[in-house]
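Have a look at the structure below, then the notes.
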Amino acid sequence: MDILRHLMYCPPGTPYFDRDDADSASSDDFPAVAAPGPEGWTRGTGPDWAMLTPPGHRLPAQGWKIHVSATPGNAEDILERCWDYLVPRGVAFKFIRSRKVLLRRNGKYGDRSASGKFVTVYPEDEERFALVLTELGELLDGEPGPYILSDLRWRSGPLYVRYGGFVARTMKTPTGESVHCIEDPEGRLVPDRRGPSFRPPEWVTPPACLDEALRAREAGTLEDFPYRAEKALHFSNGGGVYRGSDLRTGEPVLLREARPYAGLDTQGEDAVARLRREHDCLRLLDGLPWFPRLLDARVGHEHHFLVREFVEGETLATAITRRLPKAPETDPHGAKAYTDWALGVLDEVARGVAAMHERGVFFGDLHPGNVLVRPDGTIAFIDLETASTDPDAAQIHAAPGFAAPAGHRGPDIDRYALGCLRLALFAPLTTLMGWGPGKVDQLIDYVVSRYPLPGDWGDRVRADLTPGTIAGGRDAAGGPPATVPARAGDDDGRAALAEGILAAATPHRADRLFPGDAAQFFVPEGGACLAYGAAGVLWALAETGHEVPEEHTDWLERAAGALTDPAPGLWTGLSGIAGVLARLGRTEAAGELFARIRESDAPDDSLFDGLAGTGLAQLHFARTTGDDDALKYALAAGEQLAARAAAGPPRRGQAGLLRGRSGGALLPLALYRHTADPAWLDAARALLDSDARALGWREEPDEGTAEPAGWAPNSPGSRPQLAAGGAGAALVLADYLDHRPDPDLARVRDRVLDAARDATPRTAGLFHGWAGVALALRRLGGEPTARQRERLLDVLDLFRVEHEGRPAFLGHENLRLSTDLATGGAGVLLALHALGDRPGGLPFCRFETKDGPRS
């Protein structure tokens with residue numbers, strides 16, 4: 001779902017991730033937003049909500065609240081009736097400010113726990129709660145609206161209730177995430193859980209007025225429903241997909257659920273309308289071997305269900321990831337075997353699409369996630385909810401990299417997607433195509449130079465993609481087609497990249513200085529932080545010898561001072577910001593921030609936002625300024641890390657440089673360089689060994705599968721990524737091996753180096769893409785050969801476009817340009833600097849020694 005969250009920050013008219021200012025446009029607001037307010041009432045308007053509070057009223061911190069559900073069709077009328085009832089009675093309330101916001105929140109990819117909430121009413125006590133619920137319920141009873149999954153339904157709707165916070169209070173989870181909270185009877189703050197089911201806190205007794213609603217909920221189980229859902233496969237705001245079985249026969253089935261009025265698409269249709277369309281299309285396709293058998297369609301507890309044959313297999317997307325050769329140029333046998341398989345799959349897909357069209361059905365959403373590969377190698381199409389029998393139908397929605405250009409209809413939409421699929425099986429980089437016609441040719445050349453494809457393969461791809469981006473297309477931001485600039489690996493290219501990054505700065509904005517990943521809008525520190533914000537960009541510029549404008553340093557210092565409750569971490573918190581300010585000469589301001597950090601508790605042990613990162617930043621500050629308090633903090637943090645590593649294995653999912661113990665090992669390694677105490681090397685060794693196993697390293701062959709020693713197949717460590725793969729761990733291993741020989745860890749490092757030499761990343765950035773691989777190669781393998789350097793720059797070309805006359809690089813999933821350190825141009829600049837001049841390091845992982853700077 002991460003890519004879906006990013007898509008919410010891809011507004012038209014800009015090549016960067018950004019907020020969609022149109023969400024707050026007054027032209028789409030409900031009239032109540034601008035209507036004269038009641039005398040003495042306070043009105044507050046934010047991006048999504050408008051709040052009205054009566055004079056002298058103070059909201060309780062928490063209690064029973066009432067939500068009113070609505071559809072785009074009845075929202076304005078419901079709002080008028082709520083206003084007319086609530087205002088004379090002096091009851092505080094808020095409402096969604098515009099139809100656009102309501103559509104987004106009720107859309108297919110909206111938050112399931114928040115979907116349907118249109119008006120929120122805040123009664124000051126349980127007596128007023130019961131009265132408002134009864135009287136307002138009578139006024140609105142029977143109005144349609146999405147079922148609010150987190151709430152208890154009142155009679156026939158559209159009123160729903162839940163116990164929760166009235167005022168905004170937040171707390172940090174163990175992972176550092178800020179969540180809404182309420183107070184328990186002991187006065188402790190606990191998460192205000194807003195999951196997709198009604199679950200009041202265990203200490204809360206529902207008021208008597210809800211007895212009827214609770215009985216109705218308990219009685220609302222599915223009856224006369226001969227299927228059992230056994231495993232949830234997927235959830236969206238429109239419903240779920242479940243693997244199940246037929247209770248009468250035991251036959252495995254797939255259940256697709258649709259919620260009325262929820263999961264709205266760009267055409268305003270809800271999930272039920274799409275489910276009916278899929279049902280009708282499957283009936284028309286009955287008997288074709290490429291489609292699952294339709295078994296049943298039922299309604300249960302207001303939700304609609306389509307029941308079809310369960311197809312064993314894996315998605316084509318998974319099969320590509322599992323099978324794609326890591327180095328087709330140097331493995332001709334593997335490249336030939338994969339090519340034969342891929343062309344066979346493509347032929348099957350093309351035959352299935354042709355058969356579908358012969359029956360008068362047009363898919364409209366063909367991509368690798370909607371094609372299953374059965375164990376016998378045959379394929380099946382799934383998820384036909386956007387299919388149509390109208391040859392003139394426009395595309396409703398599509399996966400990134402498979403959306404047909406505007407003007408395509410019916411069969412041409414599927415043909416365009418088939419051309420994308422031909423590319424994706426050999427280079428899963430089709431999101432690049434929207435950045436200009438040159439990218440299509442670039443991808444075709446890239447593929448045919450690595451795989452033994454038929455001579456007409458490229459022409460077939462171009463034919464499928466025409467008309468579209470091949471002639472007169474427009475780039476992903478709505479501007480003219482991008483061109484492919486000259487290679488950025490030389491001094492002039494690096495200088496042009498730095499100039500482009502600086503030219504993108506927006507010092508007039510308070511939320512961010514440089515356009516980076518959408519994650520800069522997810523947390524308060526995002527626009528300033530090391531990973532996605534200004535701190536990382538300024539650090540990279542300074543480290544690569546480029547002048548940092550004083551006004552940009554001023555901006556970072558102001559942004560740090562404006563944070564009210566900042567997270568302490570390195571990559572997304574205050575430690576990274578403070579460290580960069582110190583690097584840029586703002587030692588006094590940095591010292592104040594570091595003192596503030598020492599009063600905070602790190603949420604975990606990680607390098608990313610936990611104790612290892614805060615300790616490293618404090619140690620770096622101590623080494624450069626002589627700050628004793630910073631040194632004491634770093635020493636204590638190192639001891640805590642060592643003690644916790646000895647206490648047991650890491651939690652599941654915590655592996656790699658940023659979240660795992662190899663990142664934690666950086667702190668004891670740095671402390672060893674400072675103290676020369678070999679106990680710190682012992683601690684680092686324990687952390688590194690633990691993380692290697694968490695990443696999938698095996699010292700012995702697997703007895704069950706006969707797999708050899710080394711990385712388990714498709715394990716995180718087998719992928720040479722910096723953030724959560726083998727490359728990041730290997731960088732720390734190399735640091736350890738500089739101090740103490742260790743044949744076992746040397747084998748791990750060497751395997752990562754072998755994988756990195758042949759890697760073809762799918763993005764440019766430091767955390768997950770090219771820049772991280774390049775840094776790992778430079779550190780682990782020394783000076784790259786001419787061939788290796790040429791190959792690296794050849795791959796980098798794929799992610800580069802020209803923006804305003806300078807080279808720029810695509811960020812997350814190649815959806816938008818990014819200048820940040822983690823995903824965009826600043827990380828690329830750092831890696832190019834390392835390839836061209838000297839080995840580069842990660843922020844605050846280099847320390848002065850008697851022999852000079854180390855990486």
Side-chain angles (χ1 to χ4, degrees), residues 8 22-25 27-33 35 47-50 65-86 93-121 133 136-162 194 196 198 213 220 235-240 257-278 299-305 385-386 396-397:
M8 295 176 63
D23 270 3
S24 303
S27 60
D28 192 52
D29 281 347
F30 292 111
V33 174
D48 285 8
W49 295 90
K65 63 178 75 173
I66 301 169
H67 288 122
V68 186
S69 180
T71 70
N74 66 3
E76 187 171 336
D77 177 59
I78 282 179
L79 179 54
E80 288 179 4
R81 286 192 267 171
C82 288
W83 181 293
D84 292 344
Y85 173 81
L86 296 168
F93 67 102
K94 69 177 181 179
F95 58 91
I96 293 290
R97 63 175 294 164
S98 71
R99 287 182 180 83
K100 180 173 183 177
V101 176
L102 182 63
L103 282 167
R104 170 166 54 80
R105 292 172 67 92
N106 287 356
K108 183 176 181 181
Y109 301 113
D111 181 355
R112 297 173 68 229
S113 65
S115 175
K117 297 174 183 178
F118 174 55
V119 178
T120 304
V121 184
L133 189 59
L136 188 58
E138 291 174 354
L139 289 173
L140 299 176
D141 193 39
E143 285 286 349
Y147 197 106
I148 301 177
L149 297 175
S150 63
D151 289 20
L152 175 67
R153 186 173 191 170
W154 174 257
R155 297 179 181 167
S156 62
L159 267 57
Y160 298 79
V161 302
R162 70 178 290 267
R194 307 179 183 192
F198 175 66
F235 284 115
S236 75
N237 194 21
E257 173 193 35
R259 300 174 53 220
Y261 312 112
L264 302 178
D265 59 28
T266 55
Q267 308 298 310
E269 290 191 326
D270 68 2
V272 174
R274 293 194 299 275
L275 194 75
R276 288 173 176 155
R277 185 184 300 115
E278 180 168 6
V299 178
H301 194 44
E302 302 181 38
H303 291 193
H304 293 239
F305 293 88
E385 67 174 13
T386 61
I396 297 174
H397 67 76

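Values reported hereafter were calculated over all heavy atoms of this structure, with side chains retained and with hydrogens, waters and symmetry mates removed.
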* To do: Please test T120 against F95 for side chain to side chain contact (heavy atoms under 4.5 Å, CB included), starting from the C-alpha separation and ending with a verdict.
  => CA-CA 6 Å; T120 304; F95 58 91; over 6 Å; no
* Apply the test salt bridge (charged side-chain N to carboxylate O under 4.0 Å, His left out) to residues R105 and D111: give CA-CA distance (whole Å), side-chain angles for both, the deciding distance (0.1 Å), then the verdict. => CA-CA 7 Å; R105 292 172 67 92; D111 181 355; over 6 Å; no
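- Here the closest non-hydrogen pair linking L102 and A75 is CD2-CB, 3.8 Å.
- The heavy-atom pair separating V101 from P47 by the smallest distance is CG2-O, 3.9 Å.
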* **Stepwise side chain to side chain contact (heavy atoms under 4.5 Å, CB included) test for L275 and E385** => CA-CA 6 Å; L275 194 75; E385 67 174 13; over 6 Å; no
* Asked: Under the ring pair (Phe, Tyr, Trp, His ring centres under 6.0 Å) criterion, do Y160 and F118 qualify, and how do the steps go?
  -> CA-CA 11 Å; Y160 298 79; F118 174 55; over 10 Å; no
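- The shortest heavy-atom contact between K100 and D28 is N-OD2, 2.6 Å.
- For the pair K117 and I148, the minimum side-chain heavy-atom distance is below 4.5 Å.
- The closest side-chain heavy-atom distance from R97 to F30 is not below 4.5 Å.
- Partner of I66 under the side chain to side chain contact (heavy atoms under 4.5 Å, CB included) criterion, chosen from V119, D151, L159, L86: L159.
- At least one cation-pi condition fails for R259 and Y147: the charged atom is not both under 6.0 angstrom from the six-membered ring centre and inside a 45 degree cone around its axis.
- The OG atom of S69 sits 10.5 Å away from atom CD of E143, with the distance rounded to the nearest 0.5 Å.
- Side-chain atoms of L264 and P72, non-hydrogen and from C-beta on, do get closer than 4.5 Å to each other.
- Taking CG of D29 as the start and OG of S98 as the end, the distance is 5.5 Å to the nearest 0.5 Å.
- W154 and A213 make their closest contact through CE3-CB, 4.4 Å (heavy atoms, listed as atom of the first residue, atom of the second, distance).
- The OG atom of S150 sits 8.5 Å away from the CZ atom of R194 when rounded to the nearest 0.5 Å.
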* Using the side chain to side chain contact (heavy atoms under 4.5 Å, CB included) rule, take L139 and C82 through it: C-alpha gap first, then chi angles, then the decisive distance, then the call. => CA-CA 9 Å; L139 289 173; C82 288; over 6 Å; no
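- Once rounded to the nearest 0.5 Å, the distance linking CH2 of W49 with CD1 of I96 reads 4.0 Å.
- Looking at every heavy atom in both residues, P146 comes nearest to A70 through CD-O, 3.3 Å.
- The main-chain N or O of G116 is found under 3.5 Å from a side-chain atom of N106 such that the two form a donor-acceptor pair.
- D265 pairs with exactly one of K108, R274, R277 by the salt bridge (charged side-chain N to carboxylate O under 4.0 Å, His left out) rule, that one being R274.
- Heavy atoms of other residues, nucleotides or ligands lying less than 6.0 angstrom from OH of Y261 number 12 at most.
- Within the model, atoms CZ of R162 and CZ of F198 stand 9.0 Å from one another, a figure rounded to the nearest 0.5 Å.
- Here the side chain of D270 pairs no donor or acceptor atom with the backbone of G263 at under 3.5 angstrom.
- In this structure the side chain of S115 never reaches within 4.5 angstrom of the side chain of L149, judged on heavy atoms.
- Taking every heavy atom of both residues into account, P158 and I78 meet most closely at CG-CD1, 4.4 Å.
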* To do: Take R153 and E302, measure what salt bridge (charged side-chain N to carboxylate O under 4.0 Å, His left out) needs, and give me the verdict at the end.
  => CA-CA 13 Å; R153 186 173 191 170; E302 302 181 38; 2.6 Å; yes
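- Atom OG1 in T386 sits 10.5 Å away from atom CD in E269 (nearest 0.5 Å).
- The shortest distance between side-chain heavy atoms of F93 and V68 does not fall below 4.5 Å.
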